[in-house]
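To keep things clear, I will list the structure first and then write my remarks on it.
When a ligand or atom number is given, it counts from 1 through the structure's own listing order.
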Amino acid sequence: MREVKPMNVPAHLAIIMDGNGRWAKKRSMPRFMGHAEGAKSVRVITEECARLGIKYLTLYAFSTENWKRPEKEVSFLMGLLGRYLDSETETLLKNNVRLFTIGDISKLPAKVSRKLESVKEKTSKNSGLKLVLALNYGSKNEILSAVKKIAEKAASGALKPGKITEETITQNLFTASIPDPDLMIRTSGEFRISNFLLWQLAYTELYITNVLWPDFRKKELLSAIRSYNKRDRRYGGIKSK
Ligand code: FPP
């Protein structure tokens with residue numbers, strides 16, 4: 001397999017991890033087994049991104065809409081996240097990975113949100129890959145909360161409406177300290193953004209693969225990065241020579 005040169009990797013890779021249920025259905029297994037196998041892909045891809053020198057990896061792990069799923073599935077996903085945090089902290093530390101979250105984690109089960117805070121704190125000195133888990137995350141909700149914060153500043157007189165810029169909005173999103181993604185991968189062949197990073201994806205390169213998330217491993221990641229390497233990013237301008 002051809003290796004990708006570290007300098008050509010995206011600085012920020014974002015992934016919509018889709019297809020866990022279909023992966024299980026294809027094997028006549030219950031849906032939760034697809035999620036369990038999907039958690040293995042999370043481990044493999046995080047380790048590989050750290051090795052490749054990617055700076056930010058944002059994973060869409062649980063959306064504001066995912067609460068609509070059957071209670072049993074939601075509780076399995078929360079338990080899986082808790083077990084992932086228990087078993088992965090050592091590996092995150094070993095690989096110099098720092099954990100961040102975006103989304104309102106205070107609405108997750110208390111045990112899980114406590115574990116998240118603890119792993120964020122334990123990894124806070126790490127200087128390698130920043131792993132950003134989007135949990136109870138929805139982009140419209142994020143933009144709404146930014147608008148409210150900005151409106152409050154304007155109402156109090158701390159900010160003149162005429163001085164509001166794109167940067168003001170960027171700085172009031174959950175992702176304030178995180179650069180926009182360079183590449184966004186969606187697995188399982190769906191051509192949708194699904195309320196993920198709507199503001200931040202404005203000029204992001206998109207890569208959609210039919211591969212289901214539990215099957216998305218090193219080989220598939222390298223194919224996505226090779227495709228990204230062939231893109232000509234013009235940001236609305238014209239082709240550079
Ligand atoms: C989408 O597949 C996947 C999810 C909603 C959950 C993502 C969770 C994981 C990958 C595992 C746990 C995560 C961590 C960080 C440990 P789907 O269920 O919508 O699949 P389908 O469209 O085929 O039904």
Contact table ligand 1 N or O to protein N or O, d under 3.5 Å:
{"unit_1": "ligand 1", "atom_1": "2 (O)", "unit_2": "G19", "atom_2": "N", "d": "3.4"}
{"unit_1": "ligand 1", "atom_1": "2 (O)", "unit_2": "N20", "atom_2": "N", "d": "3.4"}
{"unit_1": "ligand 1", "atom_1": "18 (O)", "unit_2": "R31", "atom_2": "NH2", "d": "2.8"}
{"unit_1": "ligand 1", "atom_1": "18 (O)", "unit_2": "R69", "atom_2": "NH1", "d": "2.8"}
{"unit_1": "ligand 1", "atom_1": "19 (O)", "unit_2": "D18", "atom_2": "OD1", "d": "3.3"}
{"unit_1": "ligand 1", "atom_1": "19 (O)", "unit_2": "R69", "atom_2": "NH2", "d": "2.8"}
{"unit_1": "ligand 1", "atom_1": "20 (O)", "unit_2": "G19", "atom_2": "N", "d": "3.4"}
{"unit_1": "ligand 1", "atom_1": "20 (O)", "unit_2": "N20", "atom_2": "N", "d": "3.1"}
{"unit_1": "ligand 1", "atom_1": "20 (O)", "unit_2": "G21", "atom_2": "N", "d": "3.0"}
{"unit_1": "ligand 1", "atom_1": "22 (O)", "unit_2": "D18", "atom_2": "OD1", "d": "3.1"}
{"unit_1": "ligand 1", "atom_1": "22 (O)", "unit_2": "R22", "atom_2": "NH2", "d": "2.9"}
{"unit_1": "ligand 1", "atom_1": "23 (O)", "unit_2": "G21", "atom_2": "N", "d": "3.3"}
{"unit_1": "ligand 1", "atom_1": "23 (O)", "unit_2": "R22", "atom_2": "N", "d": "2.7"}
{"unit_1": "ligand 1", "atom_1": "23 (O)", "unit_2": "R22", "atom_2": "NE", "d": "2.7"}
{"unit_1": "ligand 1", "atom_1": "24 (O)", "unit_2": "R31", "atom_2": "NH1", "d": "3.0"}
{"unit_1": "ligand 1", "atom_1": "24 (O)", "unit_2": "R31", "atom_2": "NH2", "d": "3.2"}

Revision key, fill the gap. Sorted by chain and number, sequence neighbours left out, salt bridge (Lys or Arg N to Asp or Glu O under 4.0 Å) with E190 holds for R22, R192

Check your understanding: Taking atom types as modelled, is there a side-chain donor on W213 or S188 under 3.5 Å from an acceptor on the other?
Key -> no

Point to revise | S118 versus R114, side-chain donor and acceptor atoms under 3.5 Å | key: no

Exercise for review: With sequence neighbours left out, write down each residue that passes salt bridge (Lys or Arg N to Asp or Glu O under 4.0 Å) with E37, or none if nothing qualifies.
Suggested key: K40, R217

Revision key, fill the gap. Per side chain to side chain contact (heavy atoms under 4.5 Å, CB included), F62 is matched among L59, T64, N66 by N66

Review point. Transitive ILVMFWY cluster of L212 at side-chain heavy atoms under 4.5 Å: who else is in it?
Key: W23, M29, F32, M33, F76, L80

